[in-house]
Amino acid sequence: MSDVLLSIEGLSKKFPGVRALDGVDFELLAGEVHAIFGENGAGKSTLISIIAGAQPQGSGIIRMHGEELRFSSVADARRHGISAVFQEFSLAPHLTVEENLCLGEERLHQRFGLLQLSAMSRHASALLQRLNFDIDPQRVVATLSRAEQQMVEIAKALRAKLSVLILDEPTASLTERESEQLFATVRSLKQQGVGIIYITHRIQEIKRLADRVTVLRDGKHIGVVDAATTTEAKLIEMMAGRTVEKIYPSIAANPGRTILELSQMRGGVGIDVDHFVAREGEVVGVAGLVGCGKSELLRMAFGIEPMKSGVVKLDGQTIKKPTPRRMLDAGVFYLPPDRREEGLMLSASTADNISLNALTQQPIHFRSGFLSLSAERTVTRDIGRRVDIHPSNMPRATALLSGGNQQKVLFGRGLTRSIKLYIFDEPTVGVDVGTRSAIYYLIKELCEKGAAVILISSDLPEILHLSHRAYVMRSGRIAAEIDRSCLTEAAVLQHFF
Amino acid sequence: ANWYPYAAEQTEPAFSDTGVKKPIDYSPLPKASKKWKLCVSFPHMKDAYWLGVDYGVVEEAKRLGVSAQVLEAGGYTNLNKQISQIEDCVAGGGQAVVIGGISADGLVNLVKSLKAKNIPTVDVINGINSPDLTAKSLVSFYTMGQEAGAYLAKKHPAGSAKAVVAWFPGPAGAGWVEAANKGFAEAVKGSSLEVMAPIYGDTGKEVQAKLVEDALQSNPAIRYIAGTAVTAEVSQGIVRARNLKDKVQVISFYLTPDVYAGIEKGTIMASPADAMVIQGRIAIDQAVRALEGKDLIKHVGPKIVTIDKANLKQIRRDDVLPPASFKPLFEVK
Amino acid sequence: MSSIVPENNPSSAHKSSARDWIMKIFLHWGVMPFLLVIAVVTFSLMSSRFLTTDNLINLFRQSVYLVLVSLGQMLALISGGFDLSVGTIVAVSSVVSALTMGALALSFPDAIWLVITLGCLAGLGAAMLIGMVNGAGVAVFGVSPFIMTLGMQSIGFGIALFLTAGVPVSNLPDTLGDVFGFGVLLGVPVPILMMLLILALMFVLLNYSAWGRHLYAVGSNPKAALLSGIRVKPVLISAYVLCALIAGVSGLLLTARTASGDANLGGSMALESIAACVIGGVSLRGGIGRLENVVLGAIFIGLVQNGMNLAQIGSYLQIVVLGVLLIIAVVFDRIRQKRLYRL
Amino acid sequence: MSSIVPENNPSSAHKSSARDWIMKIFLHWGVMPFLLVIAVVTFSLMSSRFLTTDNLINLFRQSVYLVLVSLGQMLALISGGFDLSVGTIVAVSSVVSALTMGALALSFPDAIWLVITLGCLAGLGAAMLIGMVNGAGVAVFGVSPFIMTLGMQSIGFGIALFLTAGVPVSNLPDTLGDVFGFGVLLGVPVPILMMLLILALMFVLLNYSAWGRHLYAVGSNPKAALLSGIRVKPVLISAYVLCALIAGVSGLLLTARTASGDANLGGSMALESIAACVIGGVSLRGGIGRLENVVLGAIFIGLVQNGMNLAQIGSYLQIVVLGVLLIIAVVFDRIRQKRLYRL
Ligand SMILES: Nc1ncnc2c1ncn2[C@@H]1O[C@H](COP(=O)(O)OP(=O)(O)OP(=O)(O)O)[C@@H](O)[C@H]1O
Ligand SMILES: Nc1ncnc2c1ncn2[C@@H]1O[C@H](COP(=O)(O)OP(=O)(O)OP(=O)(O)O)[C@@H](O)[C@H]1O
Ligand SMILES: [Mg+2]
Ligand SMILES: [Mg+2]
């Protein structure tokens with residue numbers, strides 16, 4: 001068992017302007033789940049992408065089974081039995097599931113060097129079956145939901161015999177059931193003596209799965225600890241370099257007027273919701289399995305998904321045909337789940353990103369029709385302070401910021417206008433614990449100032465700790481509405497399936 | 001009034017570069033014996049020059065009572081398209097072909113295959129180097145360039161004061177451009193003219209305008225601007241705007257309506273006229289003669305006159321240019 | 001690449017109505033079949049000579065050059081790029097092969113086939129060189145393909161003009177034109193045979209080789225391809241090289257047809273080949289494109305031009321019609337891709 | 001839009017060395033300033049006439065047309081699209097305005113200014129129409145801008161040819177050329193004044209209006225823009241319309257300069273304007289582009305052509321040089337954008 005599979009000494013990596021890794025040591029035993037824990041931008045992904053051959057190595061030594069190696073490509077690392085599920089998907093969207101599962105390791109006829117199409121097809125189906133993933137191998141990846149894509153991604157990593165498996169936030173877009181499936185797979189691989197490197201921001205997962213934890217901060221190696229014996233608080237302290245007292249704040253419930261009222265909502269992929277309300281001064285959670293339509297319902301209300309029928313009432317007034325512009329003007333803010341896809345203008349500065357939806361508003365917009373750049377600077381600087389973005393980041397392209405900071409930029413955008421209702425769709429995906437806590441406190445502040453907050457999340461603890469009331473959705477319908485007093489894990493989960 | 005008999009020049013032996021030119025009076029058939037179907041192919045129909053040929057072709061087809069389809073390939077880079085169009089037209093029942101060729105050599109194989117199908121082929125305006133042609137109705141651009149050069153050279157015989165000429169032959173690589181370039185260069189040899197290196201460029205107006213301005217900028221000694229009709233057309237304004245009217249004179253090596261107007265106004269000094277209308281007319285007549293088995297003059301072209309203010313009145317405009325109201329016709333039924 | 005089945009497969013087990021069939025054809029082949037049918041019917045009505053064997057062979061022979069260049073272009077497009085320099089490649093390969101043949105013919109006047117072979121190799125070599133520079137610029141230096149190939153187009157054209165001093169190179173061996181320009185083998189024109197050969201090779205390469213798969217993957221998502229262990233740069237470079245080679249073959253065939261090496265050949269090829277690909281359903285964003293459809297697209301363009309010529313439609317109108325057709329084809333393709341990929 | 005700084009702000013508080021300065025200029029302005037300096041030095045050495053006031057004014061006046069079209073093109077590029085039809089727009093506005101003036105001049109031979117005004121309005125109206133069709137195709141029907149504008153280019157060209165029958169429309173009022181073609185006001189040529197006016201308007205529009213910022217947002221990430229309450233379709237359509245209008249103005253100025261309405265105007269404008277934008281650091285992926293740099297880019301192209309003409313560099317070599325410069329500029333721009341945006 002204590003066979004050292006992989007050992008790393010003094011690994012460093014520089015990007016123009018950043019030292020992503022600074023003399024990091026790491027060791028992986030056979031049959032071990034070794035978690036890597038750290039803030040956004042700590043260098044976790046960089047570390048594993050070097051191990052997986054996706055990035056050239058800086059200085060430092062990588063040994064496998066005691067032999068010093070340097071991987072020149074992903075294929076090279078694969079030949080040594082190292083396989084990874086990256087944070088960014090490595091699927092070609094226009095190819096089918098089957099084609100993706102064999103991508104880069106196609107089987108060829110010995111004689112002509114041509115593809116063995118049927119053998120590859122069989123291999124792919126068998127792989128999906130073995131993992132219990134219910135996905136049609138003939139489907140084009142672009143038509144899969146994010147969760148299904150994640151499953152394909154995992155299957156792809158397991159397609160060949162391996163000795164090291166790397167998982168970079170594999171559960172970020174999975175919910176309980178798929179996660180459980182993944183955990184089972186991880187345990188069985190562990191049994192077979194595979195070493196697993198596991199990156200996650202969810203401490204519960206570390207507790208459940210990991211044997212040891214390596215903590216990184218600012219590209220530096222902080223320490224290796226035993227997962228079973230180290231407390232949560234200790235881990236967070238190591239990660240953040242300070243103590244974080246309470247991740248989840250307690251939010252005072254003070255429900256008032258009904259702000260949003262949805263009735264008879266039909267449309268999309270089988271949404272069928274009769275009644276949904278959110279009131280000022282409360283946090284309404286929306287939970288459910290992947291693909292149950294929890295995003296879609298509110299995206300329909302916000303006017304970004306087509307709606308067959310339904311009535312959207314805001315502050316008692318019916319909004320005829322919701323569009324994002326109308327909803328914003330009426331005081332509704334929607335924070336999309338995928339910040340790179342739908343949220344940020346990556347090539348624009350942080351300040352420009354923050355002020356984006358306030359350009360038609362006072363004080364930035366003069367009555368003359370022109371913009372006041374100085375007013376804009378004031379507004380964005382103040383907001384930057386509120387959401388804790390360092391001033392030096394304001395003129396930088398958001399592409400350069402860490403994931404957590406990017407998320408804060410999106411939150412900042414919600415503070416530029418007077419908003420009555422905030423809809424947060426997966427607000428903490430891929431965000432480290434420290435930032436996540438900051439986001440929770442921000443939600444508290446907004447809610448206690450009287451705004452209505454809708455929290456759509458696949459992260460169950462988040463729903464449980466923050467919401468005053470929660471809807472659980474199942475296949476496009478509302479399966480239950482649960483009040484804070486009854487809001488327990490069991491109560492919610494029971495309505496999931 | 002009829003256009004014929006027209007003062008023309010027959011080349012003998014036919015199709016020879018070095019043949020002797022013999023002045024003749026060209027007269028066409030009075031009427032075709034039958035409604036033949038002709039295919040006429042041009043490099044493009046984007047300027048007044050080819051419009052003039054079109055006019056000649058269409059008018060002559062109407063006069064003779066034959067039908068014609070006029071095709072244009074869209075520009076001098078579309079040799080392949082020209083070949084395809086001719087093939088298409090023949091496939092569509094064309095009995096004789098008149099070609100204003102994009103390339104002198106590139107159509108040789110096509111002409112050969114047309115001959116194999118017994119389809120008479122007449123070379124109009126541009127020149128094709130094929131022995132399989134039935135007839136040629138053209139004056140070479142070599143001669144046009146030469147005429148323009150000679151006009152200038154006559155004003156500055158050897159020994160007289162030096163005069164600098166900026167020379168804009170047109171787009172690099174086009175057959176007619178290189179031919180005119182050669183003719184011009186030969187004509188000015190031995191005179192006291194000093195010709196700058198040829199300044200190539202597309203015959204778009206903005207391109208030529210820029211080239212002319214830069215040339216004037218680079219060499220203030222320039223006395224003559226010689227070049228394509230487009231060059232001449234844009235030069236009028238530039239010369240006027242720079243107050244060079246008394247110093248710089250403009251000459252084109254072929255005629256368009258705007259050049260004609262420029263000569264009338266005095267802003268352009270002169271231009272050889274190749275009577276493209278007549279070339280088109282003769283080509284049609286030759287094609288019909290070939291179809292009917294009548295004897296034809298195999299290699300002929302209208303006599304080139306260099307037009308300037310002095311002789312402008314003696315030329316019949318409709319012989320050298322399309323009438324102002326003429327719109328391109330692609331079909332004669 | 002296997003063909004794609006739309007998600008909501010019409011439940012046609014029990015009753016496969018005409019609508020379902022049309023939808024199926026549309027999703028698989030795009031609007032091309034419909035436009036083709038409409039075009040063929042229209043032109044047959046307008047000209048009795050349109051639907052004759054003679055004219056059809058004629059049409060196919062004319063389309064060879066555009067089909068080939070479009071095939072090359074397709075590779076560049078699938079890889080997520082562009083090749084605006086295909087026209088220049090046609091010209092350069094034509095000029096270089098003609099010059100080589102001309103020079104060699106003087107030294108070896110009897111070994112015609114040797115001369116032709118070496119000439120063709122020289123032409124293809126020149127084409128390959130341009131392809132390699134394109135590929136290196138795109139893959140290694142990360143220059144946007146649009147600009148890289150636009151720049152190369154300019155450079156190549158300048159060089160071709162320089163090499164020929166602007167005058168087409170003639171005096172090529174007659175055999176060249178007789179065989180590759182107008183030759184007929186087993187009743188089929190040689191250019192068509194050459195095209196079929198290349199088509200077959202390409203079909204295998206795209207659908208039954210790892211390289212083909214990798215090309216689609218690179219175009220679909222280059223980062224993903226890299227993370228899947230595909231060596232993206234070699235794939236990209238080879239795509240541009242192959243594109244250039246095929247365009248080079250087209251250049252050689254055109255040289256044979258016109259019996260001259262001409263720097264002005266291929267002027268409109270770049271845009272026409274992109275149009276053919278797009279009409280054939282190739283995505284400008286990479287990753288999507290099927291060989292059969294591209295061939296149809298290129299032939300369609302040839303067919304429309306041929307039909308309009310036969311129907312004696314004036315050139316100005318022809319220009320307008322082509323523009324309108326291009327837009328129509330793409331509007332429908334949008335609808336189709338939305339159905340297929342939820343883009 | 002505020003300008004962007006790279007991540008590792010050189011810690012230049014204490015000592016701002018020359019290298020830091022160069023880097024700063026490079027990151028803010030791109031390679032353009034360096035290339036300009038090199039070009040100016042080279043050409044001054046090669047031709048004593050290059051650096052004369054006369055020639056510089058000459059150069060600026062010549063550049064006006066490309067600068068304007070590039071400005072329009074920039075809007076299309078920032079929005080994440082393309083406009084390949086700018087050349088056609090130039091031609092159509094030229095032809096329509098010339099025809100209108102010609103017709104009106106007959107009816108109102110004395111009211112020259114009325115004739116000119118109406119003619120210009122007609123030309124701009126035609127340009128706007130094309131822009132609206134482009135915009136509608138892109139925004140409403142989701143046609144890829146490349147294809148949409150390529151199709152419109154073809155359609156517009158066909159129409160312009162049809163309208164003029166291929167013959168330039170002349171007999172325009174002399175006043176037009178005297179004022180807008182060659183006129184001088186306060187010592188500055190009128191075309192340059194017109195350009196400066198439009199530049200100023202555009203500068204305000206892009207940097208000090210919500211529309212400008214929305215345009216950048218739409219190009220940068222259309223989905224994010226939509227979620228931020230920006231009406232994406234109207235912004236896109238207006239970008240194409242504005243692009244067409246500016247190209248139309250360029251067409252009118254060219255008409256004035258050449259004293260004729262010509263369907264062949266603007267043939268090379270589409271690619272040249274894209275080149276100018278890209279050299280000026282506009283991203284082909286949308287969302288990035290600064291007016292000042294585009295102006296520099298367009299003037300740079302004009303300057304290189306002018307310099308080479310003055311230095312009497314052969315035309316063939318000029319073509320090659322332009323291609324090489326284009327590629328070099330983009331290679332450096334890649335480096336810069338990597339530093340700034342990690343794209
Ligand atoms: N390609 C790159 N170029 C420049 N800098 C990079 C690059 N990739 C990562 N970085 C920087 O390196 C640092 C480490 O990034 P990395 O992605 O490894 O963080 P992480 O720990 O995985 O964060 P997260 O939890 O958000 O995934 C960050 O500051 C990041 O901005
Ligand atoms: N891009 C897409 N392609 C195909 N199906 C999709 C896509 N986006 C959503 N769906 C489907 O639409 C339905 C509802 O999606 P929605 O995003 O509302 O789910 P969700 O409950 O929010 O799940 P998630 O946790 O993934 O956000 C699901 O069946 C999902 O698979
Ligand atoms: Mg990471
Ligand atoms: Mg969701």
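Throughout, a chain's letter reflects where its sequence line sits, starting with A, and its residues are numbered from 1.
- Remark: the backbone N or O of Val169(C) is not paired with any side-chain donor or acceptor of Thr164(C) at under 3.5 angstrom.
- In this structure, chain C has no heavy atom under 4.5 Å from any part of Ala263(D).
- Interface summary for chain D: among Ile335(C), Leu322(C), Leu150(C), the most heavy-atom pairs under 4.5 angstrom belong to Leu150(C).
- Taking the six-membered ring for Trp, Phe332(C) and Phe34(C) have ring centres at least 6.0 Å apart.
- Both the backbone and the side chain of Ile147(D) come within contact range of chain C, with heavy atoms under 4.5 Å apart.
- The structure places CG of Leu66(C) at 7.0 Å from OG of Ser273(C), a figure rounded to the nearest 0.5 Å.
- Heavy atoms of Val278(C) lying under 4.5 Å from chain D belong exclusively to its side chain.
- Heavy atoms closer than 4.5 Å to chain D are found in the side chain of Leu284(C), but not in its backbone.
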- [ ] Give the intermediate values and the outcome of side chain to side chain contact (heavy atoms under 4.5 Å, CB included) for residues Leu84(D) and Phe146(D).
- [x] CA-CA 7 Å; Leu84(D) 295 178; Phe146(D) 188 92; 3.8 Å; yes
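- Counting heavy-atom neighbours within 6.0 Å of Phe43(D) CZ, excluding the residue itself, gives a total above 12.
- Most heavy-atom pairs under 4.5 Å with chain C, from the set Ala160(D), Gly151(D), Ala275(D): that is Gly151(D).
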